[in-house]
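Shown next, in structure tokens, is the structure this report addresses.
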Protein chains: 2
Amino acid sequence: MTATRSTRQRDVIARVMDDAEGPLAVGDVLTRAQTDLPGLGVATVYRTLKLLTEQGRIHPVTLDGETRYERAGRGHHHHFSCTRCSRVFTLHTCPVALPSGTVYPGGFIVEAHEVTLYGQCPECAQAP
Amino acid sequence: MTATRSTRQRDVIARVMDDAEGPLAVGDVLTRAQTDLPGLGVATVYRTLKLLTEQGRIHPVTLDGETRYERAGRGHHHHFSCTRCSRVFTLHTCPVALPSGTVYPGGFIVEAHEVTLYGQCPECAQAP
DNA sequence: TTCAATGCAAAAGGTTTGCATTAGC
DNA sequence: GCTAATGCAAACCTTTTGCATTGAA
């Protein structure tokens with residue numbers, strides 16, 4: 001039997017992920033969690049992020065060559081990266097119609113897809 | 001003055017990039033180039049990829065948290081990452097209709113987009 | 001001949017792992 | 001009390017850098 005224990009470290013890291021306003025880098029998670037747990041080690045953060053990922057509670061996103069983690073279970077979504085302010089937004093509308101199992105030209109069987117849009121966010125679009 | 005020299009290493013690496021069927025990881029480039037230049041070192045590959053990038057002949061793409069390089073100037077295209085063999089292919093068919101200037105729900109002005117499909121490549125789809 | 005480019009090895013980041021200790025259950 | 005989880009440090013991997021040597025012009 002697998003016995004996953006509930007620990008203070010895991011609770012804090014899970015809370016940090018839940019409270020995040022966007023995808024967080026490992027360093028961000030460590031810093032935020034250390035507010036409550038000064039002695040927290042990096043290894044625990046990595047192990048916990050891996051665990052949460054396996055549990056499907058969070059998932060990794062690579063943006064600008066950097067691996068970040070964001071809360072999962074918010075349904076299918078994509079990202080919009082603003083070319084002016086560099087902020088990343090979550091989009092809940094999907095511009096692609098590719099159900100799992102679709103056979104793409106060339107014989108590629110599609111299981112999933114990822115879309116990142118680049119442009120100007122509503123705020124920057126208004127600014128001069 | 002800057003004096004960039006033409007060397008056998010650079011020629012070989014540039015050829016490898018030109019012949020690539022999709023974005024290559026540094027290790028791929030090294031392996032392929034070593035067919036012609038057994039003594040080639042990793043450092044030279046990194047330095048040359050950086051040089052080619054600065055010259056605008058190739059550009060980096062981050063897929064699955066791994067940095068790869070592909071030839072530039074090949075027009076609009078996307079990528080397919082095989083979940084079984086981990087190879088990345090270039091797709092010439094675009095699954096989204098988002099011309100530059102499109103206003104996306106929420107007020108996001110789209111200038112460009114990036115799509116990555118995940119699944120099984122033609123070869124892996126045939127294997128048991 | 002000159003000095004940019006290479007190869008090697010050491011260094012520098014970021015991530016993972018081994019192990020003794022701590023702490024959930 | 002048993003053993004999963006932690007913290008620390010060492011190990012790993014990928015990328016960069018220092019330096020003596022090589023080789024393009």
Side-chain angles (χ1 to χ4, degrees), chain A residues 1-18 20 23-70, chain B residues 1-18 20 22-70 81 85-88:
Chain A
M1 272 302 293
T2 310
T4 304
R5 289 177 184 174
S6 167
T7 66
R8 182 142 171 62
Q9 287 81 341
R10 289 181 178 174
D11 291 345
V12 171
I13 291 170
R15 167 123 36 82
V16 166
M17 294 312 296
D18 282 351
L24 300 181
V26 177
D28 299 326
V29 179
L30 179 66
T31 304
R32 296 184 188 197
Q34 282 181 332
T35 303
D36 289 334
L37 279 170
L40 182 66
V42 217
T44 299
V45 173
Y46 278 104
R47 284 188 276 231
T48 303
L49 289 176
K50 189 180 177 185
L51 179 72
L52 292 174
T53 299
E54 285 163 356
Q55 294 176 340
R57 295 181 57 182
I58 63 175
H59 65 81
V61 191
T62 306
L63 290 164
D64 300 315
E66 187 180 44
T67 301
R68 289 168 169 266
Y69 291 84
E70 71 180 354
Chain B
M1 272 303 292
T2 312
T4 304
R5 291 177 181 171
S6 167
T7 65
R8 183 143 172 59
Q9 287 81 342
R10 287 182 180 176
D11 292 345
V12 171
I13 292 170
R15 166 125 34 83
V16 165
M17 294 312 296
D18 282 352
L24 301 181
V26 177
D28 299 327
V29 180
L30 179 66
T31 304
R32 296 183 188 198
Q34 282 181 332
T35 303
D36 289 333
L37 280 170
L40 182 65
V42 217
T44 299
V45 173
Y46 277 103
R47 285 188 275 231
T48 302
L49 290 176
K50 189 180 178 185
L51 179 72
L52 293 173
T53 300
E54 284 163 357
Q55 293 177 340
R57 296 181 57 184
I58 62 174
H59 62 81
V61 190
T62 306
L63 291 163
D64 298 315
E66 185 181 44
T67 302
R68 290 169 171 263
Y69 292 83
E70 69 180 354
S81 176
C85 68
S86 296
R87 280 186 297 172
V88 176

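Numbers restart at 1 for each chain; the letters A, B, ... are given by sequence-line order, proteins then strands.
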Measuring to OP1 and OP2 of C:dA5, would you say a side-chain N or O of B:R10 lies under 4.0 angstrom away? yes
Taken to the nearest whole Å, CG/A:D11 to P/C:dG24 is 10 Å
Among the nucleotides C:dG7, C:dT16, C:dT2, whichever has the atom closest to the side chain of B:L40 is C:dG7
**Prompt:** Is B:Q9 near enough to D:dG23 that one of its side-chain N or O atoms lies under 4.0 angstrom from OP1 or OP2?
**Reply:** no
Check your understanding: Distance check: side-chain N/O of B:T44 vs OP1/OP2 of C:dA5, anything under 4.0 Å?
Key -> no
Check: A:L40 main-chain N/O paired with A:Q34 side-chain donor or acceptor under 3.5 Å = yes
When rounded to whole Å, the OH to P distance for the pair B:Y46 and C:dG13 reads 16 Å
From CD1 of A:I13 across to P of D:dG7 the rounded distance in Å is 8 Å
Salt bridge B:R68-B:D28, side-chain N to carboxylate O under 4.0 Å = yes
Donor-acceptor pair under 3.5 Å: do we get one between A:R47's side chain and the base of C:dT16?
-> no
Against the side chain of A:A43, the closest entry in C:dT17, D:dA5, D:dA24 is C:dT17
Exercise. Is there side-chain contact between A:T67 and A:V26, with heavy atoms separated by less than 4.5 Å?
Worked result: no
Out of D:dT15, D:dA25, C:dC25, minimum distance to the side chain of B:S6 belongs to D:dA25
| query | Would you say a side-chain N or O of A:T7 is under 4.0 Å from OP1 or OP2 of C:dA23? | reply | no
- request: Give one of base, sugar-phosphate or nothing for A:G27, where a contact means two heavy atoms less than 4.0 Å apart.
  value: nothing
What one should report as the nearest heavy-atom pair of A:R5 and A:R10 is O-NH1, 3.0 Å
